[in-house]
Amino acid sequence: MKKKRLRLLAIFLTTCMLILIGRLVYIQLVSTESFSKHDVNLIEASVEQRSQILKIDDGRGKFYDRNGEPLAHEEIPTLVLFPFLKKMTWPIDEIASIIGRSESELKRAIEQADEPFIFGGDDPIELTASQSKAINQLKIPGVFAVNEKLYHNQTPAAQLIGTTNISDAEKKKRYPDLNLSPETKIGNTGLQRTFDEFLLSAGESKLVFHVDASGGPMFGVDVKYVEPANPLYPVKVVTTIDKQIQEKAEKLVDERGIKKGGLVLIDIKKSEIVAMVSRPALNIKDPNGAGAVNMMLTQKTPGSVFKTVTAAAAIDHKAASPSRTFNCNLTIDGRTDKQRELGMLNFESSFAQSCNRTFAELSQEIAEKDPDFLENYAKKLGLIGETGWKGDVYHTKVTQLYHEQTGKVWHDDDLKKDPKMIAKTAIGQQDVQTTPLAIANMMATIARGGKKEQVKAVSKVEFNNSTTVVDFKNQSMGGETLSPYTSMKMQQLLRKVVTEEKGTGASLRDLPVEVAGKSGTAQTNIEKGELNKWFAGYFPYKNPEYALVAVNFETKENSSSMTPLFSDIVKVIYAKDQD
């Protein structure tokens with residue numbers, strides 16, 4: 001009986017031992033990189049346990065402005081210190097002398113540290129090239145001068161650049177064949193999303209220092225600089241944004257009190273976005289909130305800015321002879337306009353002073369011959385369809401702008417037969433919807449003499465060694481365009497909005513450069529008295545370089561027009577050009 005019990009005990013102990021050995025084999029040999037349901041990388045965890053690590057770069061590609069300035073981050077040479085220095089005797093006096101700080105300040109920072117840190121915290125010291133060289137030549141364990149990438153809460157052109165996330169479910173859905181770590185970021189919105197495949201991390205850059213059980217350095221083991229195996233990464237996405245102009249534009253939009261709206265500035269010759277401001281601002285703590293929507297890519301009611309489309313059609317259909325006048329004391333339905341009695345005006349003055357009656361009459365006349373004319377001319381001017389750059393890159397479809405809306409003229413084709421609906425549509429009301437970017441590109445198209453081009457937000461993508469991965473060339477937009485003659489006449493009309501004494505843009509006459517443009521006010525909610533206020537145009541008039549739209553959505557009647565903000569930006573550009 002005793003032998004039987006001993007045999008059972010031996011079997012039990014052997015079984016337990018085999019289970020433990022099996023578990024150990026599973027942990028150390030089988031699931032070392034994805035242990036448990038949390039996919040814990042045991043190798044990395046082991047290294048972290050006996051190392052002090054400072055991440056310098058997460059390896060994800062970075063965004064730069066057109067002049068090579070970092071947009072979403074800042075690169076500065078700074079001082080990195082490791083906490084094990086508190087247990088060592090090291091030449092603290094020499095480091096203090098090099099950086100111009102006191103020894104006590106350095107000691108206090110190290111005593112309070114539990115992990116490697118940048119000296120200065122949220123306000124790190126910025127070293128000169130000679131200071132960095134002097135520090136690194138001392139070869140002190142745990143003391144390094146490195147180029148650190150710092151990320152700010154507020155990014156210029158935040159909605160255009162976009163946001164990232166670390167959703168495991170989204171990673172597996174988007175990249176099922178890649179084994180991405182839990183820390184790897186993927187694009188969520190904006191350019192971060194549309195250029196995500198270029199931007200994906202190929203590995204972190206970090207300083208790794210091995211320590212013993214007490215946290216002290218393991219002498220004989222040098223600090224290691226770990227970087228991606230592929231030296232071509234991370235890539236650089238060179239945007240078309242001018243950081244200096246962008247930052248000033250954002251400040252001016254906020255100073256003008258715009259809560260919902262913003263501006264978009266286009267380089268006409270390059271067909272590139274130079275600045276794009278969208279409000280409400282993006283809140284980094286709530287990346288999916290109201291500020292996540294890029295209002296410059298969102299379709300809204302344009303109001304009288306759309307008269308540009310109607311005017312172009314009227315010129316082509318020879319419906320607006322110079323001698324013809326219109327009763328601008330009347331509303332679009334023929335009643336007396338008690339709010340705006342403008343008198344009898346010809347076509348040019350009607351456009352300059354934004355007479356609704358003129359464009360109601362003209363549109364009804366043209367619609368009898370061509371019911372589709374408003375939609376056709378909206379397409380000729382690029383207001384319908386995507387405005388942003390799209391095309392094939394290495395046999396892959398690339399659309400630069402994230403969730404750009406496409407605009408529309410008619411909600412129902414039957415409305416084209418109703419004279420009242422035609423009149424409302426011709427002045428940019430009823431169902432008309434378009435984006436501020438499309439309006440800006442319409443102005444650029446007219447300024448170019450009718451040449452219609454896609455708008456870029458990114459000019460090129462570069463490898464880390466500055467060689468080009470892909471260069472985004474200018475691309476024409478498809479479809480019919482305005483004739484050079486009609487474009488010339490439209491240029492004259494847009495200029496008269498500013499030069500005519502009663503023109504809606506007359507306040508812009510005294511700017512240091514000549515501008516042309518069109519104002520617009522659209523009713524969006526009659527009960528609440530809400531309006532969209534626009535001013536769109538281009539400058540300089542005789543040698544166009546920039547197209548600009550400034551807009552305030554869902555504002556009130558007593559709020560300022562958009563000409564002051566338009567004026568502000570023109571002055572910023574002029575001052576920059578003078579410098």
Side-chain angles (χ1 to χ4, degrees), residues 64-69 157 160 237-246 248-249 263-277 296 308 312 380-383 386-391 400-401 435-461 468 470-479 481-492 494-495 498 508 511-518 535-550 566 569-579:
Y64 296 81
D65 85 340
R66 55 170 44 192
N67 302 310
E69 290 290 318
L160 178 64
V237 176
V238 182
T239 72
T240 60
I241 294 293
D242 185 307
K243 186 176 181 180
Q244 183 182 354
I245 295 174
Q246 177 70 34
K248 289 183 178 178
L263 64 83
V264 56
L265 177 70
I266 292 177
D267 182 319
I268 292 174
K269 294 175 181 176
K270 296 181 178 179
S271 193
E272 295 179 345
I273 299 169
V274 179
M276 180 177 278
V277 182
M296 299 302 100
T308 307
K380 284 185 178 184
L381 286 163
L383 292 187
E386 291 176 329
T387 301
W389 195 99
K390 59 180 179 178
Q400 287 197 359
L401 299 178
T435 67
L437 177 64
I439 293 285
N441 199 38
M442 175 179 73
M443 292 297 167
T445 297
I446 293 170
R448 290 191 206 103
K451 190 177 180 183
K452 191 170 52 171
E453 294 187 345
Q454 296 177 358
V455 181
K456 292 176 288 183
V458 172
S459 60
K460 60 183 175 180
V461 179
T468 300
V470 56
D471 194 4
F472 295 98
K473 304 294 185 183
N474 280 20
Q475 290 189 161
S476 296
M477 296 176 73
T481 59
L482 287 188
S483 69
Y485 172 78
T486 305
S487 297
M488 179 193 69
K489 297 298 291 183
M490 288 307 306
Q491 291 168 6
Q492 294 171 355
L494 292 167
R495 177 61 181 154
V498 177
L508 302 172
L511 286 172
V513 294
E514 293 180 334
V515 305
K518 182 72 185 79
F535 197 89
Y538 66 90
F539 59 95
Y541 172 62
K542 292 176 182 175
N543 184 25
E545 294 183 31
Y546 299 98
L548 172 63
V549 166
F566 191 98
I569 301 300
V570 173
K571 290 174 183 176
V572 165
I573 300 293
Y574 176 77
K576 188 173 186 294
D577 289 346
Q578 294 303 303
D579 290 341

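- Here the closest heavy-atom approach between residue I245 and residue A275 is recorded as CG2-CB, 4.2 Å.
- Taking all atoms of both residues into account, the shortest heavy-atom contact from A516 to V498 is CA-CG2, 4.3 Å.
- Atom CE of M477 and atom OG1 of T387 lie 5.0 Å apart (nearest 0.5 Å).
- Residue S459 comes nearest to D471 through the heavy atom pair O-OD1, 3.1 Å, listed as atom of the first residue, atom of the second, then distance.
- Contact of the D267 side chain with the R66 side chain is registered, since non-hydrogen atoms from C-beta on lie closer than 4.5 Å.
- Using a 4.5 Å heavy-atom threshold, the side chains of L437 and I266 count as touching.
- Interatomic distance, CG of L548 versus CD1 of I439, reported as 12.5 Å (0.5 Å rounding).
- For N441 (side chain) and E453 (main-chain N/O), a donor-acceptor pair under 3.5 Å exists by modelled atom type.
- A distance of 5.5 Å separates OG1 in T308 from CD1 in I446, rounded to the nearest 0.5 Å.
- Between the side chain of N67 and the backbone N or O of E69 there is no donor-acceptor pair closer than 3.5 Å.
- Looking at heavy atoms from C-beta onward, T481 lies out of side-chain contact with K451 at the 4.5 angstrom threshold.
- At a cut-off of 3.5 Å, with distance as the only test, a side-chain donor of K456 or N474 sits close to an acceptor on the other residue.
- Proximity of K380 to T486: side-chain heavy atoms (C-beta onward) are nowhere separated by under 4.5 Å.
- Here NZ of K243 is found 13.5 Å from NZ of K248. Values are rounded to the nearest 0.5 Å.
- I573 has its side chain within reach of F539: a pair of non-hydrogen atoms, C-beta onward, lies under 4.5 Å apart.
- When every heavy atom of V264 is checked against every heavy atom of A440, the shortest pair comes out as CG1-CB, 3.8 Å.
- Side-chain contact between T240 and K270: absent, with no pair of heavy atoms (C-beta onward) separated by less than 4.5 Å.
- Distance check: L381 CG to K452 NZ gives 8.0 Å after rounding to the nearest 0.5 Å.
- Side chains of D577 and V513 form no contact here, defined as non-hydrogen atoms less than 4.5 Å apart.
- For the pair V549 and A536, the tightest heavy-atom approach, listed with the atom from each and the gap, is CG2-CB, 3.6 Å.
- The backbone N or O of Y64 sits less than 3.5 Å from a side-chain atom of T239, completing a donor-acceptor pair.
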Practice task
Show your working on side-chain contact (heavy atoms from CB on, under 4.5 Å) between Q246 and V277 and close with a plain yes or no.
Solution key: CA-CA 8 Å; Q246 177 70 34; V277 182; 3.7 Å; yes

Exercise for the section: Decide side-chain contact (heavy atoms from CB on, under 4.5 Å) for Q491 and Y541; before the verdict, give the C-alpha distance in whole Å, the side-chain angles of both, and the deciding distance to 0.1 Å. Expected result: CA-CA 8 Å; Q491 291 168 6; Y541 172 62; 4.2 Å; yes

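- Minimum interatomic distance between A550 and F566 (heavy atoms only, all atoms of both residues): CB-N, 4.4 Å.
- Atom CD1 of I241 is separated from atom CG of D65 by 8.5 Å, given to the nearest 0.5 angstrom.
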Exercise for the section: Take Y574 and L511 through the side-chain contact (heavy atoms from CB on, under 4.5 Å) test and state the conclusion after the steps. Expected result: CA-CA 9 Å; Y574 176 77; L511 286 172; over 6 Å; no

Exercise for the section: List the steps, then state whether side-chain contact (heavy atoms from CB on, under 4.5 Å) holds for L401 with L160. Expected result: CA-CA 8 Å; L401 299 178; L160 178 64; 3.8 Å; yes

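- At a threshold of 4.5 Å between non-hydrogen side-chain atoms, the residues V458 and W389 do not count as touching.
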